[in-house]
Structure formats: structure tokens, C-alpha cells
Amino acid sequence: MATAFEPSFSASGNRQTMAPVGPSVADTLPSINFGFDDLRDRMAKFTAKFDAFIEQGRKRVLEERNQFRMNVAELHEDQRMKKKDIEIVQVKTTTYQQTLEKEDAETREMEAAISSLSAQRDGHLATREGLKQQIAQTQVEIEARLAAQRAHTAQQEAQQRFNVPELDFWITNLCLRIEGAGQDDRLKFVYTHVDEKNWEREAWFELSTRSRDYDVKHCRPKLEREGVERVLERVNESRELVVLLKGMRELFVEAMKS
């Protein structure tokens, strides 16, 4: 633009030397409207928008900075809480470890006590088994002695029973004789005159005196066991030998008739 106005500058420099001849060339140029008002208005609007943009940016920066500070504060608080939680966990872990060590020690003590008690129990069991064997052996010996004593007593009682004066009466009255049966605890009673067709025919039974109660082991002719048991029941209740002798004779008579 400086070059555009150079002719005018040169013309103004030569005004004193050159006289105006007619209308000036500048007056003949068209008028130019640069639009400064519009430019100023646009610049003002741009300035307002730019200021609003700057203000919004500043507010956004302030908000973001405040949010960042809040986030940092929250992070610090979370870090503090996590640190506190870690400390609590460490304390619990230490306590738990101590508890485990204590329980391990107690477990070892209990295992040692159990082993000791097991050894004592095994010793007691062995002692008890030995005592049980000794007791069993002693009981066998006692039972053997008692059995021998009972047999001796039964034999003596049987002998005393058969030594009573009335035995001769029943031997004669029942046509009976008493013989040995080949064993110390048995007697054989032999009847005659039980068969009406043959008075010499004999019937006999063996009486066991091993126990306190009487028991018939063998008999000829063979009798029903039920009838013999009824006779033995009456005899063992009354403890009278004559009941046995009369009852067995009656059974033999009935057997001969049948």
C-alpha cells in the first residue's frame, strides 16, 4: 500500500514547483469502503466469543482441578484405609499364626499323652488278660473241686438214703433189689413180678446221683420219657426215694401190659 501512495507523496513534494492544471487524479479515483465498522463488529463478537471460551475453559480447568483434588483426597483416604486394613490383616495373621503354633504345641502334647495312655491301656489289657486267664483257671479248679465235693456229698447222701431201715421194707414189698451200675455216681434198681405172664421177668433202671436232683439215665424195658419226667418231678419236689421206686414200678407194669 505504500507503493500505491507514492505518486501522491511525490506530487505533494512538487506542489510548490508545479501549479495545478485541473482536477486532481486522486479526486478522480473511486471511493473505497474497507468495512472497518463491520470488521470492528466482527472483532468485537470474536472477542466476546473468545472471552466466553476462555472463561468456560477457566471454569472447566477449575472444575477439573477441584475434581482432581477431590480424587486425590479420595485416593489418599482409600490408601489410608487400605493401609489400616493391611495393618489389621497383619495383626490377625500374626494372631492366627500364634494360635496355630499354640494348637500345634497342644496337638503334640495331646498326641504324646494319647501315646502314653495307649501304652498304659495296652499294659492294663495285657494284665487284665493275664488275670482273666488266672481267674478262668482258678474257676476251673474251683468248679472241679466243687464238682468232686458235690459228687462225694451226693454219694454220701445216696448211701445214707439207702441205709434207712425202711428201705428193706420197700425192697421186699416192691420185689426190688439194688445193684451197682459200674459207676460211682449211679445205682441200678431191678424189679421182678412186674409181668403177670412171667413173674421172673426183670425190669430195671439206672439212677444218677451226680447232682442234687435225681435223674434216670437208662431203663429196660424202654419207657416214655414224658412219664419218667413226671415221676422225677414228683421225686425231686418231695425228696423221698420211695416215690421214685413206686412210680417207676408202676410205669414198668403199664409197659408190660401194653
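For this chain, numbers begin at 1 and follow the sequence in order. Because only heavy atoms are used, hydrogens play no part in the values below, and waters and symmetry mates are left out as well, while side chains stay in. This one's a predicted model, so the numbers in the text were calculated from it and none came from an experiment.
Among residues two or more places apart in sequence or in another chain, the side-chain hydrogen bond (donor to acceptor under 3.5 Å, both in side chains) test is passed with Glu143 by none. Under the salt bridge (Lys or Arg N to Asp or Glu O under 4.0 Å) criterion, Lys197 pairs with no residue, sequence neighbours left out. Arg121 meets the side-chain hydrogen bond (donor to acceptor under 3.5 Å, both in side chains) test with no other residue; sequence neighbours excluded. Glu77 meets the salt bridge (Lys or Arg N to Asp or Glu O under 4.0 Å) test with Arg80; sequence neighbours excluded. For Lys217, the salt bridge (Lys or Arg N to Asp or Glu O under 4.0 Å) partners at least two apart in sequence or on another chain are Asp215. Residues passing the side-chain hydrogen bond (donor to acceptor under 3.5 Å, both in side chains) test with Gln67, sequence neighbours excluded: Asn71. Taking Glu179 as the reference, Arg177 meet the side-chain hydrogen bond (donor to acceptor under 3.5 Å, both in side chains) condition, with sequence neighbours excluded. The salt bridge (Lys or Arg N to Asp or Glu O under 4.0 Å) check on Glu74 picks up nothing, with sequence neighbours excluded. By the side-chain contact (heavy atoms from CB on, under 4.5 Å) test, Glu55 pairs with Arg58, Lys59, sequence neighbours left out. Evaluation of the side-chain contact (heavy atoms from CB on, under 4.5 Å) rule for His76 yields Val72, Gln79 as partners, not counting sequence neighbours.
Note that CZ of Arg60 is 9.0 Å distant from CD of Glu63, once rounded to the nearest 0.5 Å. Rounding to the nearest 0.5 Å gives a distance of 11.0 Å between CG of Asp85 and CD of Gln90. Once rounded to the nearest 0.5 Å, the distance linking CD of Gln97 with OG1 of Thr93 reads 9.0 Å. In this structure, OH on Tyr214 lies 10.0 Å from CG on Leu187, to the nearest 0.5 angstrom. Separating the NZ atom in Lys49 from the CD atom in Gln56 is a distance of 12.0 Å, to the nearest 0.5 Å. From Leu223, atom CG reaches atom NE2 of His218 across 13.5 Å, with rounding to the nearest 0.5 Å.
Within the 4.5 Å cutoff, the side chain of Thr192 has no heavy atoms near those of the Arg201 side chain. Residues Ile135 and Thr138 fail the side-chain proximity criterion, which asks for heavy atoms closer than 4.5 Å. Residues Arg145 and Ile142 form no side-chain contact, since every pair of their non-hydrogen atoms from C-beta on lies 4.5 Å or further apart. By the 4.5 Å heavy-atom criterion applied to side chains, Lys45 and Asp41 are counted as neighbours.
For Glu129, the CD atom sits in a packed shell: over 12 heavy atoms of surrounding residues, nucleotides or ligands are nearer than 6.0 Å. Taking a 6.0 Å sphere around CD of Glu196, one finds it holds 12 or fewer heavy atoms contributed by other residues, nucleotides or ligands.
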>> Go through it in stages, so that I can follow the logic: the residues are Leu244 and Leu207, the test is side chain to side chain contact (heavy atoms under 4.5 Å, CB included), and I'd like the CA-CA distance, side-chain angles, deciding distance and then a yes or no.
In response: CA-CA 10 Å; Leu244 174 66; Leu207 179 65; 3.7 Å; yes
>> Determine whether Val91 and Glu87 satisfy the following criterion, side chain to side chain contact (heavy atoms under 4.5 Å, CB included), listing intermediate values before the conclusion.
In response: CA-CA 6 Å; Val91 172; Glu87 292 176 353; 5.5 Å; no
> side chain to side chain contact (heavy atoms under 4.5 Å, CB included) between Thr107 and Met110: does it pass, once the steps are laid out?
Replying inline: CA-CA 5 Å; Thr107 302; Met110 292 179 64; 5.7 Å; no
>> Between Glu250 and Lys246, does the salt bridge (Lys or Arg N to Asp or Glu O under 4.0 Å) criterion hold? Intermediate values first, please.
In response: CA-CA 6 Å; Glu250 292 174 356; Lys246 292 174 66 175; over 6 Å; no
> Given Glu224 and Val228, is the side chain to side chain contact (heavy atoms under 4.5 Å, CB included) satisfied, shown in steps?
Replying inline: CA-CA 7 Å; Glu224 293 183 0; Val228 176; over 6 Å; no
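Look at Arg225 and Glu229 and you find a salt bridge, because one of the NZ, NE, NH1 or NH2 atoms lies within 4.0 Å of a carboxylate O, short of that distance. For Asp213 and Arg239, the salt-bridge test passes: some basic side-chain N is under 4.0 Å from an acidic carboxylate O.
Within the structure, every pair that satisfies the ring pair (Phe, Tyr, Trp, His ring centres under 6.0 Å) test and touches residues 192-213, not counting sequence neighbours, is listed here: Phe189-Phe205, His193-Trp199. Sequence neighbours left out, not one pair with a member in residues 93-114 passes salt bridge (Lys or Arg N to Asp or Glu O under 4.0 Å).
Between Phe50 and Phe46, the two ring planes are parallel [angle under 30°; tilted spans 30° to 60°].
In terms of heavy-atom proximity, Met256 sits nearest to Glu202 at CE-O, 4.2 Å. Nearest heavy atoms, Lys188 versus Gly180: CB-O, 4.2 Å. The heavy-atom pair separating Arg234 from Val243 by the smallest distance is CB-CG1, 4.2 Å. The shortest heavy-atom contact between Ser208 and Arg186 is CA-CG, 4.2 Å. Closest non-hydrogen pair, Phe252 versus Cys219, comes out as CZ-CB, 4.0 Å.
At distances below 3.5 Å, at least one donor-acceptor pair connects side-chain atoms of Tyr191 with backbone N or O atoms of Leu245. No donor-acceptor pair closer than 3.5 Å links the side chain of Ser116 to the backbone N or O of Ala112.
Residues Ile178 and Leu251 share a single hydrophobic cluster, defined by chaining ILVMFWY side chains whose heavy atoms lie under 4.5 Å apart.
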